[in-house]
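Reminder, nothing fancy here: chain letters follow the sequence lines and each chain counts from 1. Note that the coordinates shown come from a computational prediction; the quantities given were computed from them, not determined experimentally.
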There are 2 protein chains.
Amino acid sequence: MAIRPAEQLIHKAAWLYYAHGLRQDEVASQLNISRASVAMYLRKARETGIVNISTSTQLFTNDVMARNVEDAFGLDAVWIAPENAYLADPSTDIAVLAASVFLELVKKGDRIGVAWGRTVYTIADIMSFADLQDVTVVQLCGNLGAPYSYRPDQCTMEIARRLNAKGLNFYAPLVLSTEELAKSLRAEPVIRDQLAGIADCDLALYSVGAVDADSHLVKCGALLPAEMEGLRSQGAAGVIAGQIIDAGGEVLDCSYNRRVISAELASLRAIEKRLMVVQEDTKFEPLLSAIAGRLCTHLVIGAHMAGRLLQYAEAATKKAS
Amino acid sequence: MAIRPAEQLIHKAAWLYYAHGLRQDEVASQLNISRASVAMYLRKARETGIVNISTSTQLFTNDVMARNVEDAFGLDAVWIAPENAYLADPSTDIAVLAASVFLELVKKGDRIGVAWGRTVYTIADIMSFADLQDVTVVQLCGNLGAPYSYRPDQCTMEIARRLNAKGLNFYAPLVLSTEELAKSLRAEPVIRDQLAGIADCDLALYSVGAVDADSHLVKCGALLPAEMEGLRSQGAAGVIAGQIIDAGGEVLDCSYNRRVISAELASLRAIEKRLMVVQEDTKFEPLLSAIAGRLCTHLVIGAHMAGRLLQYAEAATKKAS
DNA sequence: GTGCAAATTTGACTTTTGTCGAGAGCCGTG
DNA sequence: CACGGCTCTCGACAAAAGTCAAATTTGCAC
C-alpha cells in the first residue's frame, strides 16, 4: 500500500493540530480545506494510531492493595480497578484498564500471544489504536466456531488491527474428536511452527476460564455440561487458552486436553510478560490455579477480587505459622 | 511527595475522560465537582504527562529524501521537516519534530545524555510532558554562565522535569583557565563518575555548533572572537558538547580543548542512539564533521539542509567514480 | 464519453470544551 | 479572631470541536 495522498493529509493535519497546537480552523486554512474535513481527518488519525492518546495507569499500580497482592503472590505487577467506583459498569472498567496496561507493556518489535474469551475480546474491542511497527500478534490456541462474535481468530485479528500489526492465525480447530487426529495435526508443519513460535513471544494476553456450565468451552460446544462437571470432579480448576488446568496450574490429564490444539503451558511460561485479566468474581479458584502454575506475571483485577486474594494469602500465612 | 488528594482527582478525571471516553460534564457529575474544575484537571493531566498525546513521526521518515540521506551517510534514521511548508516559523518546526522524535526514542529505564545550546533548549522548551519511570537525564558537559536563559544545567533539568525523570548535573565549569586545573578536576571522584557514566547512556541529544563569532562559546565568554578565528585556521570545524572538533569529527588538538570538562568523544560514540538536531542552515560544515566523526546516528534537519547534504554526497560519489 | 455508486467535502447547526473573574474555603500571622 | 494571602471552585460566557445531510468530486464499468 503506497502512501495515498489522503493519508498524507491526515498526517499533516494531525501534526499541525497535535504537535504544533494549532486550532482546527488554522489547520484548515493552512491545508486549504474546510474545518469539517480537518475534524474528520483528526478522528481518522486517532482511529489509526497516527496520534496516540494514552493515560498513565500509575493510579492503579500505586494502590497499596496492588503492592500487597504483588508481594503476597510474587507477581511482577498488579493493577486494581476500583470497583466501588464512579462508573456505571464496573466490569468494563477492568477491561479498559487492561487495555491501557496492555498498550503500556507492548514494545516495538514485540511478538504477542493472544488467547481467547469474552474478556480478551472485550479488551480488543475497547482498545485504542496504536501504530506499533514490527509487532506480530499470534493466536495461542486453535479455533472454535462460537455462538458469539468472539472467536479466537477474531480476537487475534482485532488486536492486530488495532496495533497496526501483523496477525498470525491458527489454522486448526481448538478441539478434535480423537486424540490421534490431534496428534497428527500437531505434527503438521504449519501448526508445529505456530506452536513452536509461541515460546518466542515477549508478551501474552489472556484470561482464565471457570470450570462450570457457563464456560465458553461448554457454550461453544467443545464440552457438554456433564463432561465439564466430570472434569471438575477429576480436579479441573480452570481453563487457560482452551486447556483444562488443575489447582496446581498444570495440564489436567484427561482425554479432552489430549484432543486440544493449543499452546503448551511450558511455552506460555517461557513468555517474559504474561498479562492475565480477570473480570468475573466467580473466577477466584481458577485465578489461584493460574497463579500457582506461574501462568501469570502481570495481573489486572477488580478491587473485590484483590480483597479475596489478600484474605486468602493472609489465611495461608496464618496457617503456616 | 505523597500522593496529594488533588493528584488523585486529576488521575481519576483523566482516566474517565481519556480512557473511558466520558464527556467533561459526565466526569464532573461522577466526581461531584464542577465541569470547569474537570477542564482544569484535564489540562494539568496533560501538562504533567499523566496523559500522553503523541503523534507519529512516520510522515517525516517515510519521506524519500530522508531515506536517501540515511543511505548516503550511513545513518540509522533521518527525519526531515518540510521547510517550504505551511507554518509561520519553519525553524520551530524542526524543534517540534525533534521533540517528538526524542520522545519516541526514549524508553523506560533509559539513561539520556543531554548537551547544550540554543537548539537543545528550544527542544526542551516545547517538548510535551511525559511520565517515564526510571529515566535519568545526565549532563554531557560542564556549565557555563550564559547571558541567555539556557545554561547547560538548565537544559538537563528542564528535560528531566518534562519527562518526570531524575536529572544529574555536572558540578564543574565547562572551561577552566589552565590545563592543569582541568586535569585535576577531571580526576575528582564526583566529576570522574559523571564522565564515566556518559558511556552508559542509551540515548544522546545534542546539536552541533558553528565555529564563528556567533557561537555560544564566544557569546558566553569561553572564547574570544579572535581565538575562535584562530582555531578555525587550525582546522576547527564544529562544536560538540562544548568541544572543538575538526573536519574528521575528532577532538582538535588545542589548549582550549584540554581545558574543557566534557564528555569524551569515545564515550559519546559508545551511546547507541545519538540524536543530532540541526536548525540553522549555516551549520552545514559542522554537521558534515559530526557525521564524519560518527557522532550522530539519528538526525533531525530541515528540508534545505537535507538537500545540501544530498548534493554534497552526489558530488563526492561522482568524484570517486 | 456516459452514467452510476462510493467516497469525499462542505456549510450550517449543535454540542462540548476552554477561560475568566468572582467568590468560597483554608491557613499561618499579628 | 480578624486579616491578608493563597489556592481551589464555580457559574456564565465565548470559543472550538463534533455532526449531519446535501453537494460535489472521484473512480470505474459499460
From OH of B:Tyr18 across to P of C:dT16 the rounded distance in Å is 16 Å
Once you round it to whole Å, what is the distance between C1' of D:dA17 and CD of A:Gln24? 5 Å
By side-chain contact (heavy atoms from CB on, under 4.5 Å), B:Glu280 pairs with (sequence neighbours left out) B:Arg118, B:Thr119, B:Thr282, B:Lys283
Any side chain to side chain donor-acceptor pair (under 3.5 Å) involving residues 95-111 of chain A? Give me the pairs, sequence neighbours left out, ordered by first then second residue. A:Thr57-A:Glu104
Counting side-chain heavy atoms from C-beta on, which of D:dG18, C:dT17, C:dG18 comes nearest to B:Arg46? C:dG18
Name the atoms and distances for all side-chain donor-acceptor pairs under 3.5 Å in residues 302-311 of chain A, with sequence neighbours left out.
unit_1: A:His304; atom_1: ND1; unit_2: A:Asp281; atom_2: OD1; d: 3.3
unit_1: A:His304; atom_1: ND1; unit_2: A:Asp281; atom_2: OD2; d: 2.1
unit_1: A:Arg308; atom_1: NH1; unit_2: A:Asp281; atom_2: O; d: 3.1

For residues 162-170 of chain B, which side-chain N or O atoms pair as donor and acceptor with protein atoms under 3.5 Å away, sequence neighbours left out?
unit_1: B:Arg162; atom_1: NE; unit_2: B:Ala124; atom_2: O; d: 3.3
unit_1: B:Arg162; atom_1: NE; unit_2: B:Glu158; atom_2: OE2; d: 2.7
unit_1: B:Arg162; atom_1: NH1; unit_2: B:Asp125; atom_2: O; d: 3.2
unit_1: B:Arg162; atom_1: NH1; unit_2: B:Met127; atom_2: O; d: 2.7
unit_1: B:Arg162; atom_1: NH2; unit_2: B:Asp125; atom_2: O; d: 3.0
unit_1: B:Arg162; atom_1: NH2; unit_2: B:Glu158; atom_2: OE2; d: 3.0
unit_1: B:Asn164; atom_1: ND2; unit_2: B:Asp131; atom_2: OD1; d: 2.9
unit_1: B:Asn169; atom_1: ND2; unit_2: B:Gln139; atom_2: OE1; d: 2.7

Give each protein N/O atom lying under 3.5 Å from an N/O atom of nucleotides 5-7 of chain D, with the pair distance.
none

Using atom names, set out every protein N or O paired with an N or O of nucleotides 10-14 of chain C below 3.5 Å, distance rounded to 0.1 Å.
unit_1: C:dT10; atom_1: OP2; unit_2: A:Ser34; atom_2: N; d: 2.7
unit_1: C:dT10; atom_1: OP2; unit_2: A:Ser34; atom_2: OG; d: 3.0
unit_1: C:dT10; atom_1: OP2; unit_2: A:Ser37; atom_2: OG; d: 3.0

Mind checking what makes salt bridge (Lys or Arg N to Asp or Glu O under 4.0 Å) contact with A:Asp76, not counting sequence neighbours? none
Give each protein N/O atom lying under 3.5 Å from an N/O atom of nucleotides 24-27 of chain C, with the pair distance.
none

Classify the ring geometry of B:His20 against B:Trp15: parallel below 30°, tilted from 30° to 60°, perpendicular beyond 60°. perpendicular
Hits for salt bridge (Lys or Arg N to Asp or Glu O under 4.0 Å) against B:Asp153, two or more places apart or cross-chain, chain-then-number order -> B:Arg151
Separation of D:dG18 atom P from A:Lys44 atom NZ, nearest Å, is 15 Å
Are any side-chain N or O atoms of A:Glu70 and backbone N or O atoms of A:Val78, one a donor and one an acceptor, separated by less than 3.5 Å? yes
Would you please confirm or rule out a distance under 4.0 Å between OP1 or OP2 of D:dC8 and any side-chain N or O of B:Tyr41? no
Atom-to-atom span, OH of B:Tyr17 to C1' of C:dG18 - whole angstrom: 10 Å
DNA chain D: A:Arg23 or A:Arg43, which has the more 5' nearest nucleotide? A:Arg23
Step by step, work out the side chain to side chain donor-acceptor pair (under 3.5 Å) result for B:Tyr41 and B:Arg46. CA-CA 9 Å; B:Tyr41 285 146; B:Arg46 283 186 300 262; over 6 Å; no
Which residue pairs pass the salt bridge (Lys or Arg N to Asp or Glu O under 4.0 Å) test with at least one member in residues 24-40 of chain A, sequence neighbours excluded? A:Arg23-A:Asp25
Quick check: does any side chain N or O of B:Ser37 sit under 3.5 Å from a backbone N or O of B:Ile33, one acting as donor and the other as acceptor? no
Taking it one step at a time, do B:Tyr17 and B:Gln24 satisfy side-chain contact (heavy atoms from CB on, under 4.5 Å)? CA-CA 7 Å; B:Tyr17 186 77; B:Gln24 290 190 357; 3.4 Å; yes
Take the C1' atoms of the five end pairs on each side of the helix from C:dG1-D:dC30 to C:dG30-D:dC1, get both axes, and report the angle to 10 degrees. 30°
What residues, two or more places apart in sequence or in another chain, satisfy salt bridge (Lys or Arg N to Asp or Glu O under 4.0 Å) together with B:Glu47? none
